[in-house]
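Residue numbers start from 1 in every chain, and the chains themselves are labelled A, B, ... in the order their sequence lines are given, proteins ahead of strands.
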There are 4 protein chains.
Amino acid sequence: MKVGIIGATGYGGLELIRFLHNHPEVEKIELFTSSEEGTIFSSKFGHLLTIHDQALRKIEAETLSTFDVVFTSTPSGVTSTLLPPLVGVGPKLIDLSGDYRIKDLNEYEKWYKNPPAPQEIVNLSVYGLTEWNAGNIKTANLIANPGCYPTAVLLSILPLIKERLIDPQHLIIDAKSGVSGAGNKPSQLTHYSEMNENFAIYKVNEHQHIPEIEQAIEMFADARTTISFNTHLVPMTRGILATTYAPVLPGVTNQQLNDCLLETYKNHPFVRVVSDVSSLGTNRVKGSNYCDIFVKLDERTNRATIVGVIDNLVKGAAGQAIQNMNVQFDLPEKTGLDVIPLFI
Amino acid sequence: MKVGIIGATGYGGLELIRFLHNHPEVEKIELFTSSEEGTIFSSKFGHLLTIHDQALRKIEAETLSTFDVVFTSTPSGVTSTLLPPLVGVGPKLIDLSGDYRIKDLNEYEKWYKNPPAPQEIVNLSVYGLTEWNAGNIKTANLIANPGCYPTAVLLSILPLIKERLIDPQHLIIDAKSGVSGAGNKPSQLTHYSEMNENFAIYKVNEHQHIPEIEQAIEMFADARTTISFNTHLVPMTRGILATTYAPVLPGVTNQQLNDCLLETYKNHPFVRVVSDVSSLGTNRVKGSNYCDIFVKLDERTNRATIVGVIDNLVKGAAGQAIQNMNVQFDLPEKTGLDVIPLFI
Amino acid sequence: MKVGIIGATGYGGLELIRFLHNHPEVEKIELFTSSEEGTIFSSKFGHLLTIHDQALRKIEAETLSTFDVVFTSTPSGVTSTLLPPLVGVGPKLIDLSGDYRIKDLNEYEKWYKNPPAPQEIVNLSVYGLTEWNAGNIKTANLIANPGCYPTAVLLSILPLIKERLIDPQHLIIDAKSGVSGAGNKPSQLTHYSEMNENFAIYKVNEHQHIPEIEQAIEMFADARTTISFNTHLVPMTRGILATTYAPVLPGVTNQQLNDCLLETYKNHPFVRVVSDVSSLGTNRVKGSNYCDIFVKLDERTNRATIVGVIDNLVKGAAGQAIQNMNVQFDLPEKTGLDVIPLFI
Amino acid sequence: MKVGIIGATGYGGLELIRFLHNHPEVEKIELFTSSEEGTIFSSKFGHLLTIHDQALRKIEAETLSTFDVVFTSTPSGVTSTLLPPLVGVGPKLIDLSGDYRIKDLNEYEKWYKNPPAPQEIVNLSVYGLTEWNAGNIKTANLIANPGCYPTAVLLSILPLIKERLIDPQHLIIDAKSGVSGAGNKPSQLTHYSEMNENFAIYKVNEHQHIPEIEQAIEMFADARTTISFNTHLVPMTRGILATTYAPVLPGVTNQQLNDCLLETYKNHPFVRVVSDVSSLGTNRVKGSNYCDIFVKLDERTNRATIVGVIDNLVKGAAGQAIQNMNVQFDLPEKTGLDVIPLFI
């Protein structure tokens, strides 16, 4: 397979390169850029010295059409115009940005504050939450790869909503992310001396992942709801841990909650149901495509605490994108992704 | 004033020393220990070299009775037996442990898993949430200094409950703390290589600060409730940020919520109502006795997001303890505590 | 005293504000800026909310001439033209930048790559290494406050060179700094995700503090030498630890090395000679004006290992500047600076 | 291949597991322990859930003799008695501890303060610095895998000493390591709150890697010398950066120094000669088996600054051990180790 990456200089792009390097079916990886044509990639990213010493190439439809897969890992507002000419001309397209995730274009505009992609292209794109949508992913030409927060949240709560064990009408989702989620562009917020030893809340009730989560709850668990969702920055580089609070439906036990998760994911190698909370933490999935999930019923309040943990750059971005590519090409999901988390 | 500290080797104790060193009314500070009598304090804690080169003293009631104030900063289960003989014999007692916070001894035993202090002593102890209980603190002989999480939570939500702007029956409190909250004793959990770059949840629905928060809501805002409360460890040393989600009562506006906080704390120098969320973060209060609070109404869900931020070792422990001492001795609350946060 | 700060938005400036806030002789602090006139300071720096809510003022010679002291904490190349008109017109001037440190203007230009200040003003400026130059500081109108690295290095090695215990001709100085030394301006190097968990070397053999150290060795210890000096960035915010390797002169013992340091600094409260290496580390001085020093003879190689540890923003910048102000105004050196390090 | 690991619960052991998991020639990995027989490995290490759910096995010579390779990753003083019975009975032995590195047993005892292994076994062990000793490694039954610091130091300086470009008689080596080098056992030094934001020096002139480095300089570059060597702890988990200062021999140029490194390692895929210092840093090798090296002549002092950078747990331990296994089994050196560094 011949793979192109647009937006390789971002953290999602770097992680695509890291995993595709060890993917047994990938023969060739080329990197494309809108603005740094000709730059030797390893001169910008020293960790790739001797590994990716080739030059960045110009984005051209003709060239890209000869690839088997093209990943786009760009800021929002880019692929809405970049991708339409490439749809159906050859390569499978996997978009890591948010531009094709929201089916309702008004909602997209409201939350993203960018002009949306064409409705017909959005319509034929497939939401790439692998464990929940593999059937459609298999035949999709354009995949809207899920956001990092939605991945951690949805994998942990969807089974419980779908099986009607928790009430979807009072979901409170409190999410925390490492700083790499803010991307590679320097800013005052992410300046080391001011982010280090600082825990902060941001985009209060305003995160653009809110409509994505609500849409997926409707799509996969058949429930319409309005969620409370807030995001926090943790002074660490990688990792998301999302804590969801939901009332359980009458008579539901802790055992049922756990069984539901175990049953749902018994054939999904990347989702691990954790029973001992002391085994749960972002470093347990660091650098890997695992999503660890946990649920516990609080009998005092009759609410469940549901936790999802991922590496935001892997299962929350590049890893899930490659997992989707594997599904599209009928490869085992773990191909190229079967690495052990770093832990330390 | 002559001040004694029992438990000086803990982080709460070290912070007491740090602030009392600059307290203009404190003439003498002596350090007491149950097990390390005679140890030169600065040989254990190099940062105190040339500052506290004296030896640790043995805990003896007779000696302690000659002090004006005795702070106890010990693990739970210690002061329940240590303090009763000292009540009323001389020094004002300020207990930073949890042993005197819970009035209902069954609740104490259930959550702390230790035998409780004598009921009559617990009864005469005063809960030291300074901004809400100064009248009783002024005359108290034994102060139960609040826990770190309860301080951040209560200061941010009490005004809104008391003024009936939010519904206390559906409080979801998601709290995050720096690792110093786990104390100074090494463990696998707090081993640097395993805690660094790790964000984790712990004591799910089981934290002993739950009954303390519920009791204080009843005491100060006259509402009985059962809260959802979870705690997380952040890979940083200092700081707590607690995010509370609560339904607002019909017709309540964002302006009303903010005005209520501003009005409540207008004469309280250590509580700052923050209007711009980008000014909110644990490093904005680091090393200081400030509690920064924030509220925002989410009109989609009709829930308020309420945030409280403190330095867990200062406003959440030693700083508030000295603030209480100031109240007891009729000193301005800021005496010895008027320091600017470190920020970086 | 009425104090003005130019460059208050930098980290040196913020630390000046933090310490001057508690300085008993300082009545008024005003903040000046070249570009952000009128900005409410606390709207930029949330940690100062309710503490410094005043507006930044325009830099005007007339206004500044009415102050008792003016601190300048600006990037290099600014005060070389800003300060000359203010010399002798009223305020004591304390410059935290490097513009007045190097007496040889050719050297300044070579290392700083900026046009130098006028020679006559450089000539009358006094190098503010407090423990070594208090006599001249007392009467100086313009103080060139030392750099952060030179402070840590010089305080630890000067006594041993001056007393001819080590050979100044083979000094190898390997210095390490927290990231705050790189200032408050965001860059790729200091972007959180790329600086976190990264230890790096920078400016190999090219740091502009080299001529400052060599000049001070000549000035205070009467030895001309050419040093090897390299700097490294540590993924933490505050602190410098500088390790110097030097051959000891024949017959010199470990005891003599230590005695020399103890004797030199016996009346200097901010320099602490540490005998137990496990008490040495940047967190032992964090947030304080202490400089901890250590020496140990390696009998295998007959070289001494000499270590100096400071908080780069305090003893390496704002703290030493205030210490110098105290000397100029005949106040005890510790006035306003007598705080205990944070440790944790 | 059937691989056994003794000491799998240490960080070296965990990294062996991480890499062997993706080694194409390894069919079976079993974990052995002296004290936790029967423990399900993933119950101790959550990141291995679903990956290594097998029980730890008892260490028995008979069992181990059926394996192709046995790695030992134990504290010093263990394999000196554990390994002799296994030598020559079947498996290739690769010892990650220091017990077989020092040929002179008096030196071993002096620096390690443990009784040494039998001289005859030490004699037949081979020092596993892969790039410098592959010929002997190929046929060795027992490999003494190099220490982490020696690996970073030796790979960077050996070529320059061997080619007589630098003077080996005045080597000053200043090394810095992430905290994982201190192992997985909790202690006050590595307690998160006290190690975080702290940079410290330790084992001044006393590190047990000193004789290992001196021995290797003699072995591979034919020079006897006594080095100055100090070690520092960096508040990060992984990585070593070692800075060496050495006089260059008369007439040697910066170009010659760089060419020597490039020429030496041109066929060694894991050693990368970096020309741009801004591409050098521990995160550029994180999680990988690369060693990045850099040299620059300081013309002012005629000394070279030589830098070696590795991930202490990979090239400094488990990675190099597997690289050695590959050599022993005639596999390409990169087999199972060809991963891209994480960078962020």
Novice: Please flag which part of A:Gln188 lies under 4.5 Å from any non-hydrogen atom of chain B: side chain, backbone, both or neither.
Specialist: neither
Novice: Name the option with the most non-hydrogen atom pairs under 4.5 Å to chain B; the candidates are A:Val204, A:Ile344, A:Asn196, A:Ile210.
Specialist: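 Between A:Val204, A:Ile344, A:Asn196, A:Ile210, the count favours A:Val204.
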Novice: For the interface with chain B, which of A:Arg238, A:Glu194, A:Glu197 has the highest count of heavy-atom pairs at distances below 4.5 Å?
Specialist: A:Glu197
Novice: So, A:Lys296 and B:Glu206, do they make that salt bridge, N to O below 4.0 Å?
Specialist: yes
Novice: Does the gap between the ring centers of A:Tyr149 and A:His207 come in under 6.0 Å?
Specialist: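 Yes: the rings meet the under 6.0 Å criterion.
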Novice: Given heavy-atom pairs under 4.5 angstrom as the criterion, report whether the side chain, backbone, both or neither of B:Leu171 touches chain A.
Specialist: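 The backbone, not the side chain.
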Novice: I'd like to know which of A:Ile240, A:Val234, A:Asp298, A:Leu297 tops the heavy-atom pair count under 4.5 Å against chain B.
Specialist: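 That would be A:Asp298.
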Novice: Would A:Asp174 and A:Lys176 pass as an ion pair if we require N to O under 4.0 Å?
Specialist: yes
Novice: Most heavy-atom pairs under 4.5 angstrom with chain B, which of A:Ile201, A:Leu189, A:Leu280?
Specialist: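 Heavy-atom pair counts peak at A:Ile201.
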Novice: A:Val339 and A:Gly287: which non-hydrogen atoms are nearest, and at how many Å?
Specialist: CG2-O, 3.7 Å
Novice: Can you confirm whether A:Val295 sits close enough to A:Asn258 that some side-chain heavy atom of one is under 4.5 Å from a side-chain heavy atom of the other?
Specialist: yes
Novice: Can you see which heavy atom on A:Leu261 is nearest to which on A:Ser156, and at what distance?
Specialist: CD2-O, 3.8 Å
Novice: What residue in B:Asn198, B:Leu233, B:Asn205 has the most heavy-atom pairs under 4.5 Å with chain A?
Specialist: B:Asn198
Novice: What part of B:His232 gets closer than 4.5 Å to chain A, counting heavy atoms only: side chain, backbone, both or neither?
Specialist: side chain
Novice: Using a cut-off of under 4.5 Å for heavy-atom pairs, which of B:Leu241, B:Ile227, B:Val277 has the most such pairs with chain A?
Specialist: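 Highest number of heavy-atom pairs under 4.5 Å: B:Leu241.
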Novice: At a 4.5 Å cut-off on heavy atoms, which part of A:Glu299 comes close to chain B: side chain, backbone, both, or neither?
Specialist: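 Answer is neither: A:Glu299 stays 4.5 Å or more from chain B.
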Novice: Quick one: do B:Arg101 and B:Glu107 make a salt bridge, cutoff under 4.0 Å?
Specialist: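 No, this pair does not count.
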Novice: Counting heavy-atom pairs closer than 4.5 Å to chain A, which one of B:Lys203, B:Met195, B:Glu214 comes out on top?
Specialist: B:Glu214
Novice: Show your reasoning for whether side chain to side chain donor-acceptor pair (under 3.5 Å) applies to A:Lys113 and A:Gln208.
Specialist: CA-CA 10 Å; A:Lys113 301 171 170 43; A:Gln208 72 276 10; over 6 Å; no
Novice: Only heavy atoms, only distances under 4.5 angstrom. Which residues in residues 307-319 of chain A are near chain B?
Specialist: A:Val307
Novice: Do NZ/NE/NH1/NH2 and the carboxylate oxygens of A:Lys103 and A:Glu218 come within less than 4.0 Å?
Specialist: no
Novice: Give the ring-plane orientation class for B:Phe270 versus B:Tyr290, where under 30° counts as parallel, over 60° as perpendicular and anything between as tilted.
Specialist: perpendicular
Novice: Is it true that A:Arg18 and A:Glu15 make a salt bridge, defined as a side-chain N closer than 4.0 Å to a carboxylate O?
Specialist: yes
Novice: A:Ser228, A:Ser193, A:Gly178: which one forms the most heavy-atom pairs within less than 4.5 Å of chain B?
Specialist: A:Ser228
Novice: With sequence neighbours excluded, what pairs up with B:Arg272 under the salt bridge (charged side-chain N to carboxylate O under 4.0 Å, His left out) test?
Specialist: B:Asp292
Novice: Starting at OG1 of A:Thr244, measure out to CD1 of A:Ile213 and round the result to the nearest 0.5 Å.
Specialist: 8.0 Å
Novice: Which atoms of A:Tyr245 come close to chain B, meaning under 4.5 Å heavy atom to heavy atom: side chain ones, backbone ones, both, or neither?
Specialist: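 It is the side chain, since no backbone atom gets that close.
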Novice: Which answer fits A:Ile172, side chain, backbone, both or neither, if we ask what part of it has an atom under 4.5 Å from a heavy atom of chain B?
Specialist: side chain
